[in-house]
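These notes concern the structure reproduced below.
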Protein chains: 4
Amino acid sequence: MQVNNLETLFKKTLAKSKLTAKQQAVLQVSLNLFSEQGFDGTSTSEIAKAAGVSEGTVFKQFKTKAGILEALLNPVLDDVLPMAAGEFLTEMNQSDLPNFQQLLQYMIADRMKFVLENQKQIRVFAQEIIRNPKIIQTLQVRAAAMIKGEAGDFLQQYKDSGQLVDWPSGRIIQYLLGTIISYVAPQVLLVPTKDFDIQQASTEAAEFLARGLAPQN
Amino acid sequence: MQVNNLETLFKKTLAKSKLTAKQQAVLQVSLNLFSEQGFDGTSTSEIAKAAGVSEGTVFKQFKTKAGILEALLNPVLDDVLPMAAGEFLTEMNQSDLPNFQQLLQYMIADRMKFVLENQKQIRVFAQEIIRNPKIIQTLQVRAAAMIKGEAGDFLQQYKDSGQLVDWPSGRIIQYLLGTIISYVAPQVLLVPTKDFDIQQASTEAAEFLARGLAPQN
Amino acid sequence: MQVNNLETLFKKTLAKSKLTAKQQAVLQVSLNLFSEQGFDGTSTSEIAKAAGVSEGTVFKQFKTKAGILEALLNPVLDDVLPMAAGEFLTEMNQSDLPNFQQLLQYMIADRMKFVLENQKQIRVFAQEIIRNPKIIQTLQVRAAAMIKGEAGDFLQQYKDSGQLVDWPSGRIIQYLLGTIISYVAPQVLLVPTKDFDIQQASTEAAEFLARGLAPQN
Amino acid sequence: MQVNNLETLFKKTLAKSKLTAKQQAVLQVSLNLFSEQGFDGTSTSEIAKAAGVSEGTVFKQFKTKAGILEALLNPVLDDVLPMAAGEFLTEMNQSDLPNFQQLLQYMIADRMKFVLENQKQIRVFAQEIIRNPKIIQTLQVRAAAMIKGEAGDFLQQYKDSGQLVDWPSGRIIQYLLGTIISYVAPQVLLVPTKDFDIQQASTEAAEFLARGLAPQN
DNA sequence: AATGAATGAGAGTTCATTCAT
DNA sequence: GATGAATGAACTCTCATTCAT
């Protein structure tokens, strides 16, 4: 089974960490507040009050306010995203869906679900990306590695079997992401609406991408 | 000729406004600082110093720090973006490019140029969109109106002539934007690199979109 | 006829002064605003806006904000109050009311009317007295002079004729003022109510004072 | 024994409160500065410096500058004044002074002492009453209740025994207060002079009031 | 005489951070 | 480990006042 939910993963990570219950509360509460109000819009005293701890406790473990943000984003950057991506590709490989469009749809639905289930973290991420371009560089480096490795190999199979246009893997993934983002961005940026239909959205997106990425006869 | 450059337009707007030179300097400097450091990361004393005016002057005209941001974003939201979009469609209609892919390429190149020439404003916009979901709602409403109107009529021509798949105009524009964004986002979010090749990027993007949006035979 | 209304007097003084219409507007508006919001609670830009003049104009004539206050209070302190008091005593002397209690009532009614008709100035005065003890000293000095002079002579007549207790004039006037103030203070300090009945109040007060100030048989 | 001294009472209240020594210092110092310079004339940095604390400390407890004023006035309004008044009447009842004039003198001396011992608080009160009419309304309501209750009963005894004119209690108390105020106002408003003779003043005032409030034979 | 843009000192307030308990 | 009082620098904003036009 796939790990789609960063929140669950996040809580498991917290539980495994040596952090006390109070420190974990600080992280949990900070995630929510940063997501809703932004990093700059959230004060440490607000965090302390919402977490039910003293103002000193907030700093005991994380030293600075930025330290809290790091503690929130680093595990995502270091462990969760790669792990989730790894598991994702593994599963894709095992899925053995013969039709490329069907595969695309499954894939897209899966990633959309991932995004929608982890809106809070992603919103914090999005804020931080704009504040701090270094993050996007890190992401680019990792993405490049993945494209050269597993993801590239994965796509190669479909190129070889004549179901996928022979463009560089990076370009293909770029269109894939662009299309997915065009669906989920409004959901993530706006107050989330419950009426988003993943099934229909992924079907539409897969239809478009399958055409756009089909080899020219 | 098309108005592509918000900066020029912005300066013309400033010149036409009844703002004094110092007040204009405040806006100009605020745009740069907000773009580089974010709204929260920029202090009003920093603005005053960079604009070469006193702190009092900053507030005399714009009342609050948020007032400066409004003064920066409102003209863009109210006048410049619609105007630019309107002129853009007019020109598209006049261009009379027979081939849909060529049209796409021209269009994409044009919009990429627009984005790259106005990175500062767009970066401030992007920040504010994440801070304040109301903006995206406004944009959605305006986009919906445009899709129902001019833009829809424009696309209809190509649907009628069998060069464009008969999907709702909103869906088509969504893919268009998603693809363009997949190219320009890294440029805008990262420190801009000079080696971005609009010609190649627009050719690639048009190629992909032309396939994805072609009617099924 | 008696000059009871400082407002009229104030406007006449303004008209006689060499002040331009705008400068007069500044004074008029300042009186109202100081009375309603207090001196510290009123900004010079507020005055300028309410008077319909520029901010510079406010300072052209009066140099400082305190200068406006002085311009408002000095004529009252220097001319109006003594003049009004002088006219008052003259009239009292002419009135030739045989009965002391009737005289008291007339006097009290007259002074109550004076206070109620000039609430604004008096409120500004009251504020300033608390801020600035020097004013009360000035008043004390003037009162002492008046007691030694005209007012003392006036009271002496009634002492001589056995209608007034033979206490020092200062003491008598103190009780007179204390009693009047006990009636008008709530009117001046609270938002003024229209249902204050001068006739009844002065009758009551005169009744009390006539008893308290009657010579012991 | 009677609680005459708000300052002592104030300090006891402070001691009982959960405020730290520094927070208590802030209140103590604010009382002095507000009394001397007025609320608007005292800056929070001035308070901080005089209290020997940082500026942050001033706001940690009291949130706003107005919060300090409230913290100073509320206990007086809510607890101290009613308590002092209650104790006062109790003692009056117990005193069993046969002669009304003697009673008056004792009473007046007592209240004068109260005012003179608590000049600072009363000066702050006076300022605030002029700034904020709501306070006087509160006072009026409380006074009305007291007149209907204990104070009214107390005066009734003397009306019944033919020592006090049969006027409404409110009117009687009004003259009482007016007369007392005519003595203490200059003391409170001016820089206090030490040569005020309570004994003589209360004897004089009682003499006047006893005459004014005696039943007509 | 009048304007109003500009000033800059200082106001009240916030906030991340420290440290003795 | 946790507390929370205390800090003080920095922040946004106000204001009386000036001065070139």
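Keep in mind it's a predicted model, so treat the numbers as computed, not measured. Each chain gets a letter, A, B and so on, in the order its sequence line appears, and its residues count up from 1.
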Nucleotide by nucleotide, nucleotides 15-21 of chain E touches protein heavy atoms under 4.0 Å in the pattern (B base, S sugar-phosphate only, - none) -BBB---
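Going from atom CG of C:L19 over to atom C1' of E:dA2 covers 14 Å, rounded to whole Å. The interatomic distance linking D:L33 (CG) with E:dA11 (P) rounds to 13 Å, in whole Å. Per the geometry, NZ belonging to C:K22 stands 12 Å off C1' belonging to E:dG4, to the nearest Å. Rounded to whole Å, atom P of E:dT14 lies 12 Å from atom CD of A:E46. A straight line from CZ of B:F62 to C1' of F:dT12 spans 16 Å, rounded to a whole angstrom. Taking atom CD of residue B:Q61 and atom P of nucleotide E:dA5, one finds them 7 Å apart after rounding to whole Å. Atom-to-atom, NZ of B:K49 to P of F:dT12 comes out at 13 Å; the value is rounded to the nearest Å. Regarding A:I47, its CD1 atom lies at a distance of 17 Å from the P atom of E:dT14, rounded to whole Å.
Atom CD of A:Q28 is separated from atom CG of A:L72 by 9.0 Å, given to the nearest 0.5 angstrom. Annotation: the span from B:F39 atom CZ to B:S30 atom OG amounts to 9.0 Å, rounded to 0.5 Å.
Residue pairs satisfying the salt bridge (charged side-chain N to carboxylate O under 4.0 Å, His left out) criterion with at least one member in residues 26-37 of chain C, sequence neighbours excluded, are absent. The salt bridge (charged side-chain N to carboxylate O under 4.0 Å, His left out) analysis of residues 44-65 of chain B, with sequence neighbours excluded, yields the pairs B:K60-C:E55. For residues 128-138 of chain A, the salt bridge (charged side-chain N to carboxylate O under 4.0 Å, His left out) pairs, not counting sequence neighbours, are A:D40-A:R131, A:E128-A:R131.
Of the possible polar contacts, none joining the A:Q61 side chain to the A:Q23 backbone as a donor-acceptor pair under 3.5 Å is found.
Between D:S54 and F:dG8 there is no side-chain polar atom (N or O) within less than 4.0 angstrom of OP1 or OP2.
Residue order along DNA chain E, read from the 5' end via each residue's closest nucleotide, puts C:V53 first among C:V53 and B:Q23.
In DNA chain E, the stems built from three or more successive Watson-Crick or G-U pairs (distances below 3.5 Å) are E:2-21 with F:2-21.
Pairing each heavy atom of A:T42 with each of A:L33, the nearest pair is OG1-O, 3.4 Å. Shown here for D:S35 and D:R123, the closest heavy-atom pair between the two residues is OG-NH1, 3.0 Å.
Scanning for side chain to side chain donor-acceptor pair (under 3.5 Å) contacts around D:S54 gives D:T57, with sequence neighbours left out.
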